[in-house]
Amino acid sequence: MNERRDYRVDLATRHDLLEVVEIEDACQLSAWGWDAYHGELARPEAIMLVARRSTPDWQTGKSLYGFIAARVTAEELHINNIGVRTSARGRGIGSALLRAALATGRRLGAHTALLEVRAGNLEAQALYRRFGFEVTGRRRNYYHGPTEDALLMSVTLVRR
Ligand SMILES: CC(C)(COP(=O)(O)OP(=O)(O)OC[C@H]1O[C@@H](n2cnc3c(N)ncnc32)[C@H](O)[C@@H]1OP(=O)(O)O)[C@@H](O)C(=O)NCCC(=O)NCCS
């Protein structure tokens, strides 16, 4: 697709967090909430990125298409949450967020990236596979509401 990009991947600030929580809720992601994300902003090992629109939506005033939250611990980058508004999906925004988080994780010294994903979430799994993630395990009944297994996926981050 040759669509012009009308957003940029940017560091999240505290002013973004209300929208981040709104997207988290709309995407039915594991609920971290405002306080937890606010805490992440102060952690040097945390990566909080947003896809920021070039101009806010003139009708709603919304500025963000999506976000990703990750953290580097002991040379592992944990992708904790990624979400893109339904109306903005399929335009490469999830890929742009994941690409940026993996690059930042590498810079912070991560050798591997890990995540958990609902076994039935094929869209997200397809995205992760495109970035080289492979299934490395399964946690039975890991998710609730509805109960579902988690697939563990990981990829080796090659330093270049
Ligand atoms: C997963 C998610 C972040 C992808 O965001 P996105 O902006 O649509 O992703 P992209 O446009 O970059 O798509 C990247 C790849 O994802 C996969 N993908 C995206 N939408 C898809 C769909 N509807 N069906 C199948 N695959 C899909 C494809 O492999 C796609 O590659 P392609 O463009 O070459 O086909 C988004 O669907 C989302 O927010 N889902 C709800 C929240 C969620 O499930 N988060 C993950 C929790 S572990």
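For ligands, and for the atoms within them, numbers begin at 1 and follow the listed sequence. Note that these values count all heavy atoms, side chains included, but never hydrogens, waters or copies made by symmetry.
His38 and Glu40 share no donor-acceptor pair across their side chains, judged by distance under 3.5 Å alone. Tyr143 and Asp149 form no side-chain donor-acceptor contact under 3.5 Å, judged by distance and modelled atom types alone.
Between Tyr65 and ligand 1 there is no heavy-atom distance shorter than 4.0 Å. Proximity of Arg85 to ligand 1 is not established, as no heavy-atom distance is less than 4.0 Å.
Residue Leu98 forms a side-chain contact (heavy atoms from CB on, under 4.5 Å) with just one option from Ile68, Ile93, Leu115, Leu49, and that option is Ile68. Checked against Phe67 for a side-chain contact (heavy atoms from CB on, under 4.5 Å), the options Asn81, Ile82, Asp16, Leu17 give a single hit: Asn81.
Tyr65 places none of its side-chain heavy atoms less than 4.5 Å from the side chain of Ser87. Between Val135 and Arg129, some side-chain heavy-atom pair lies under the 4.5 Å cut-off.
Nearest to atom 4 (C) of ligand 1 among the protein's heavy atoms is Leu127 CD2, 3.9 Å. Protein heavy atom in closest approach to atom 8 (O) of ligand 1: Gly90 N, 2.8 Å. Protein heavy atom in closest approach to atom 12 (O) of ligand 1: Ser95 OG, 2.6 Å. Counting protein heavy atoms only, atom 28 (C) of ligand 1 is closest to Ala126 CB, 4.1 Å. In this structure, the protein non-hydrogen atom closest to atom 39 (O) of ligand 1 is Val84 N, 2.8 Å. Closest protein heavy atom to atom 45 (N) of ligand 1: Ile82 O, 2.8 Å.
In the candidate list Gln28, Arg89, Arg99, Glu24, Arg89 is nearest to atom 37 (O) of ligand 1, counting heavy atoms. Across the listed options Gly83, Ser30, Gly94, Gly94 owns the non-hydrogen atom lying nearest to atom 6 (P) of ligand 1. Considering Gly66, Gly92, Ala26 only, the shortest heavy-atom separation from atom 11 (O) of ligand 1 involves Gly92. Between the choices Arg130, Met153, Glu123, the shortest heavy-atom distance to atom 24 (N) of ligand 1 belongs to Glu123.
Residue-ligand proximity, Arg91 to ligand 1, at heavy-atom distances under 4.0 Å covers atoms 11 (O). Per-residue contacts place Glu116 under 4.0 angstrom from the following atoms of ligand 1 (heavy atoms of the residue considered): 48 (S). Contact atoms of ligand 1 toward Ala124: 1 (C), 46 (C) (distance under 4.0 Å to a heavy atom of the residue). Listed by number with element, the atoms of ligand 1 under 4.0 Å from a non-hydrogen atom of Cys27 are 39 (O), 42 (C). Per-residue contacts place Val117 under 4.0 angstrom from the following atoms of ligand 1 (heavy atoms of the residue considered): 48 (S). Atoms of ligand 1 lying under 4.0 Å from at least one heavy atom of Leu29, given by number and element, are 42 (C), 43 (C), 45 (N), 47 (C). Heavy-atom contacts of Tyr128 reach the following atoms of ligand 1: 46 (C), 47 (C), 48 (S) (cutoff under 4.0 Å).
Linking Ile, Leu, Val, Met, Phe, Trp and Tyr whenever their side-chain heavy atoms come within less than 4.5 Å leaves Phe133 and Leu114 in two separate clusters. The same ILVMFWY cluster, assembled from side-chain heavy atoms under 4.5 Å apart, contains both Leu29 and Val21. Both Val50 and Ile23 belong to a common hydrophobic cluster when Ile, Leu, Val, Met, Phe, Trp and Tyr are linked at side-chain heavy-atom distances under 4.5 angstrom.
Summarising the geometry of Tyr7 relative to Ala96, their closest heavy-atom pair is OH-CB, 3.6 Å, with the distance given to 0.1 Å.
Shown here is Glu22, whose CD atom has more than 12 heavy atoms of other residues, nucleotides or ligands within 6.0 Å.
Cation-pi geometry between Arg118 and Tyr142 is not met at under 6.0 angstrom from the ring centre and within 45 degrees of the axis.
Of the heavy atoms in Asn121, only side-chain atoms (C-beta onward) come closer than 4.0 Å to ligand 1.
When distances from atom 1 (C) of ligand 1 to the protein are checked, a heavy atom turns up under 4.0 Å. Counting protein heavy atoms under 4.0 angstrom from atom 35 (O) of ligand 1 gives zero.
Relative orientation of the Trp32 and Tyr37 rings is parallel, given thresholds of 30° and 60° on the angle between their planes.
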